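The structure appears right after this line, and notes come after that.
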Amino acid sequence: MEQRTLGRTGRDVSVIGLGTWQLGGSWGDVDPAKSLEVLDAAYEAGVTFFDTADVYGDGLSEQTIAQWRRANPDADVFVATKMIRRVGPELEHATLENFRAWTDRSRKNLAVDTLDLVQLHCPAGEVYDSDRVFDDLDTLVAEGAIKNYAVSVETADEALRAIARPGVASVQIILNAFRRKPLDEVLQAAADAGVGIIARVPLASGLLSGRYTRETTFAENDHRNFNRDGSAFDVGETFSGVDYETGVDAAQRFAELARGIGLEPATAALAWIVQLPGVSTVIPGARTPEQARANAAAGSVAPLPQEFLDAVRDLYDERIRAQVHGRW
């Protein structure tokens, strides 16, 4: 699989990574054996970048990755985790004492001395303006707890503020055919600054797979059920902030466009992101080994035809833009 340099980390990672939120929870029940099979399948398909967080299953996702690495000691993978959401995103919680405690916990969970990359996990807006926060992250690097730090953001404005920080290695942001605002400024700003872009929620919580209908139901412990109104966390994390009915209808049209060029919808959706200038890696989740392998295959799709790209832009402008473009 193609490898790209992840911004200021200087490390090359696969253009298709693996998001591991689902290995901790919030996507229905977790099967530990199946989780390891997913990691196996992803790595065998060329994936060298795993993204996790300390709050995914209260550390379960991190621990699962550590278990997999113990069984695969020669595997060369880059693991990014996140912190701050254990207590809250506000500036008052972003202290050096907390940072040390959280990174120590993640180091234990991941069974490593030094974390490859730690991302502030969608912090409050005031955090981006605090020199102290970024000085403290520099301290963690100097102490050897982490090699690099980054920010996972909710909005394009937050991304631009993070990119302006000289120590930020990468920015993780929601980016897919139904969340196109990062194309306006963020991708170019990141490229100019040498900051990596990690594209998350690439399938709009599965909408862009084309598998859902208005009658599709989700488990009670699946965020696609309990967070549709944003009552648990930012609503933009669920179906990219698009209301479900609108999203399903637009996704059916996207599926028609994808199949019109001989691709399955999920493959086309991932390839669309991979082929954007400035994107370092894309992190779809996978619940099964088959999904992990299919996701990885999107990294080798031939350049998408301009007619398809134009039609995807028009679909967004006509059906999606009004709901999401001004919010994030």
Side-chain angles (χ1 to χ4, degrees), residues 1-7 9 11-24 27 30-31 33-53 56 61-62 64-65 67-69 71-72 74-81 116-117 170 172-177 196-211 251 254-255 258-259 261-304 308 312:
M1 188 186 299
E2 180 187 351
Q3 306 283 309
R4 295 178 185 166
T5 302
L6 182 59
T9 71
R11 275 287 302 267
D12 288 346
V13 299
S14 54
V15 294
I16 298 288
L18 178 69
T20 65
W21 185 8
Q22 76 287 351
L23 305 189
W27 292 80
V30 176
D31 180 339
K34 186 70 72 176
S35 294
L36 295 172
E37 291 175 8
V38 167
L39 293 168
D40 278 336
Y43 185 71
E44 289 166 4
V47 171
T48 62
F49 180 77
F50 296 160
D51 178 82
T52 185
Y56 294 167
S61 177
E62 292 178 326
T64 300
I65 291 171
Q67 182 181 354
W68 181 86
R69 291 177 97 172
N72 297 272
D74 296 326
D76 183 17
V77 294
F78 187 96
V79 179
T81 191
D116 291 331
L117 179 69
S170 60
Q172 183 177 140
I173 191 168
I174 296 176
L175 172 59
N176 60 57
I197 289 290
I198 302 169
R200 77 173 184 276
V201 197
L203 298 178
S205 306
L207 276 180
L208 287 163
S209 71
R211 295 184 292 109
F254 181 89
R259 292 182 175 124
I261 59 171
L263 295 175
E264 285 301 302
T267 304
L270 294 174
W272 180 86
I273 306 170
V274 166
Q275 295 178 22
L276 291 171
V279 170
S280 306
T281 187
V282 184
I283 52 169
R287 297 293 302 276
T288 67
E290 293 76 19
Q291 287 178 350
R293 285 189 283 268
N295 290 343
S300 57
V301 170
L304 298 169
F308 172 81
V312 170

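These numbers come from the heavy atoms of this one structure, side chains and all, not from hydrogens, waters or symmetry mates. From a predicted model like this one, the values you see are computed outputs, not experimental measurements. Positions are given from 1, in the same order as the sequence printed here.
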Contact between [X] and [Y] at the side-chain level, heavy atoms closer than 4.5 Å - yes or no?
X      : Y      : answer
Thr281 : Arg4   : no
Phe78  : Leu6   : yes
Leu304 : Leu263 : yes
Val301 : Gln275 : yes
Trp272 : Leu208 : no
Gln3   : Ser14  : yes

Considering non-hydrogen atoms only, spot the tightest contact between [X] and [Y] and give its length.
X      : Y      : value
Thr5   : Ser280 : O-OG, 3.8 Å
Thr267 : Ala298 : O-CB, 3.7 Å
Ala177 : Val312 : CB-CG1, 3.8 Å
Pro265 : Ala258 : CA-CB, 3.8 Å

Please answer whether the main-chain N or O of [Y] pairs with a side-chain N or O of [X] as donor and acceptor at a distance below 3.5 Å.
X      : Y      : answer
Ser209 : Ala266 : no
Thr20  : Asp51  : yes
Ser61  : Trp21  : no
Asn295 : Gly285 : yes
Arg200 : Gln172 : yes

In Å and rounded to the nearest 0.5 Å, what is the [atom1] to [atom2] distance from [X] to [Y]?
X      : Y      : atom1 : atom2 : result
Leu276 : Asn176 : CG    : CG    : 10.5 Å
Ser300 : Glu2   : OG    : CD    : 10.0 Å
Thr81  : Glu62  : OG1   : CD    : 3.5 Å
Arg11  : Asp76  : CZ    : CG    : 5.0 Å

Under 3.5 Å, which donor-acceptor pairs link side chains of residues 33-42 to any protein atom two or more places apart or in another chain?
unit_1 : atom_1 : unit_2 : atom_2 : d
Ser35  : OG     : Asp31  : O      : 3.2
Asp40  : OD1    : Trp68  : NE1    : 2.8

Task: Residue of the set Val77, Leu18, Ile198 for which side chain to side chain contact (heavy atoms under 4.5 Å, CB included) holds with Phe49 - done: Ile198

Task: With sequence neighbours excluded, residues passing salt bridge (Lys or Arg N to Asp or Glu O under 4.0 Å) with Arg259 - done: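 Checked Arg259 against salt bridge (Lys or Arg N to Asp or Glu O under 4.0 Å); matches are Glu264.
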
